[in-house]
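What follows is a set of notes on a single structure, which appears directly below.
FYI, side chains are in, hydrogens and waters are out, and symmetry mates aren't considered; it's all heavy atoms of this structure. In what follows, chains carry the letters A, B, and so on, assigned in the order in which the sequence lines appear, proteins first and then strands, with residues in each chain numbered from 1.
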There are 2 protein chains.
Amino acid sequence: MDIDHAAKCLSELGNPTRLAIFRLLVRAGATGLTVGGIQKRLNVPASTLSHHISHLVWAGLIVQERDGRTLHCHTQPGVMDDLVGFLMDECCKGFDADSDASRAG
Amino acid sequence: MDIDHAAKCLSELGNPTRLAIFRLLVRAGATGLTVGGIQKRLNVPASTLSHHISHLVWAGLIVQERDGRTLHCHTQPGVMDDLVGFLMDECCKGFDADSDASRAG
DNA sequence: ACTATATTTCTAGAATTATCGAAATGGAAT
DNA sequence: ATTCCATTTCGATAATTCTAGAAATATAGT
């Protein structure tokens with residue numbers, strides 16, 4: 001997880017609809033939800049939903065798997081940990097240390 | 001930290017320039033950096049930089065404090081922990097549990 | 001082939017966001 | 001008051017993103 005991938009993930013999760021989708025999927029566990037299942041819960045038009053889902057797939061945050069006519073969506077395990085790891089490790093380490101401006105860079 | 005504030009923070013951090021600013025500031029520790037110091041490091045025009053900084057301030061991710069003519073910027077302690085906490089707690093708990101679609105909601 | 005269901009792609013307009021120069025503001029020094 | 005420095009606000013333009021209806025695609029059943 002480098003800064004560009006982190007920015008990509010953060011940006012995608014920054015959209016309220018997409019964050020709601022993502023949260024729904026994480027809570028749905030490994031089985032995930034179908035696109036239609038998400039649509040029923042969030043009540044957004046299919047095309048809009050598909051657009052947002054494709055964003056999340058593109059960012060590597062979720063995965064789709066076809067099962068007959070339905071597409072199951074579930075989170076990509078590990079990506080969230082990687083993102084949080086980036087935020088904590090790459091960004092937030094040593095916040096309490098007596099660092100000064102000359103340390104940055 | 002509710003889902004709306006989380007989305008706000010994620011959205012602001014999702015911009016590469018803003019994420020770079022934020023990372024710079026976290027690494028600069030409690031002292032932070034001046035706006036000019038950030039500008040020298042990131043080499044973006046002052047007006048553009050100011051625009052992005054005001055976004056980060058608006059989202060509550062960073063704080064500005066005036067010291068004479070210069071404005072020191074530093075991260076808002078705790079917000080990052082809150083955000084990570086939201087992501088892990090609100091989103092990611094029980095990922096390994098044998099939940100199914102009927103569990104969500 | 002036809003029908004139905006699930007989902008995506010196409011398309012276009014609306015809304016938002018990014019960029020940056022010019023001008024303005026806030027504060028310190030003479 | 002004037003000048004200088006640091007930063008913001010203004011304003012205009014370019015680029016991106018959001019939204020959603022219509023059409024298309026994929027799969028399954030008859």
Touch class at under 4.0 angstrom, heavy-atom based, for A:Gln64 against every strand present: sugar-phosphate

With B:His55 via ring-ring contact (aromatic ring centres under 6.0 Å, His included) - residues at least two apart: B:His51

4.5 Å side-chain heavy-atom contact, [X] and [Y]:
{"X": "A:Met80", "Y": "A:Val26", "answer": "no"}
{"X": "A:Leu61", "Y": "A:Leu25", "answer": "no"}
{"X": "A:Gln76", "Y": "A:Ile62", "answer": "no"}
{"X": "B:Glu12", "Y": "B:Phe22", "answer": "no"}
{"X": "B:Ile53", "Y": "B:Ile38", "answer": "yes"}
{"X": "B:Cys73", "Y": "B:Val35", "answer": "yes"}

For DNA chain C, the residues among residues 44-59 of chain A that have a non-hydrogen atom under 4.0 Å from it: A:Ala46, A:Ser47, A:Ser50

side-chain hydrogen bond (donor to acceptor under 3.5 Å, both in side chains) involving B:His72 - partner list, sequence neighbours excluded: none

Segment of DNA chain C, first to last nucleotide, that comes within the 4.0 Å heavy-atom reach of chain A: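 The contacted stretch runs from C:dA4 to C:dT9.
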
Sequence-distant partners of A:Ser54, side chain to side chain contact (heavy atoms under 4.5 Å, CB included), two or more places apart: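 For A:Ser54, no residue satisfies side chain to side chain contact (heavy atoms under 4.5 Å, CB included) once neighbours in sequence are set aside.
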
Reading 5' to 3' through nucleotides 25-30 of chain D, protein heavy-atom contacts under 4.0 Å coded B for base, S for sugar-phosphate only, - for none: --BS--

Along DNA chain D (nearest heavy atom to each residue), the more 5'-positioned of A:Asn15 and B:Thr70: B:Thr70

A:His5 side-chain N/O to A:Ala59 backbone N/O, donor-acceptor pair under 3.5 Å: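 Checked: pair present.
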
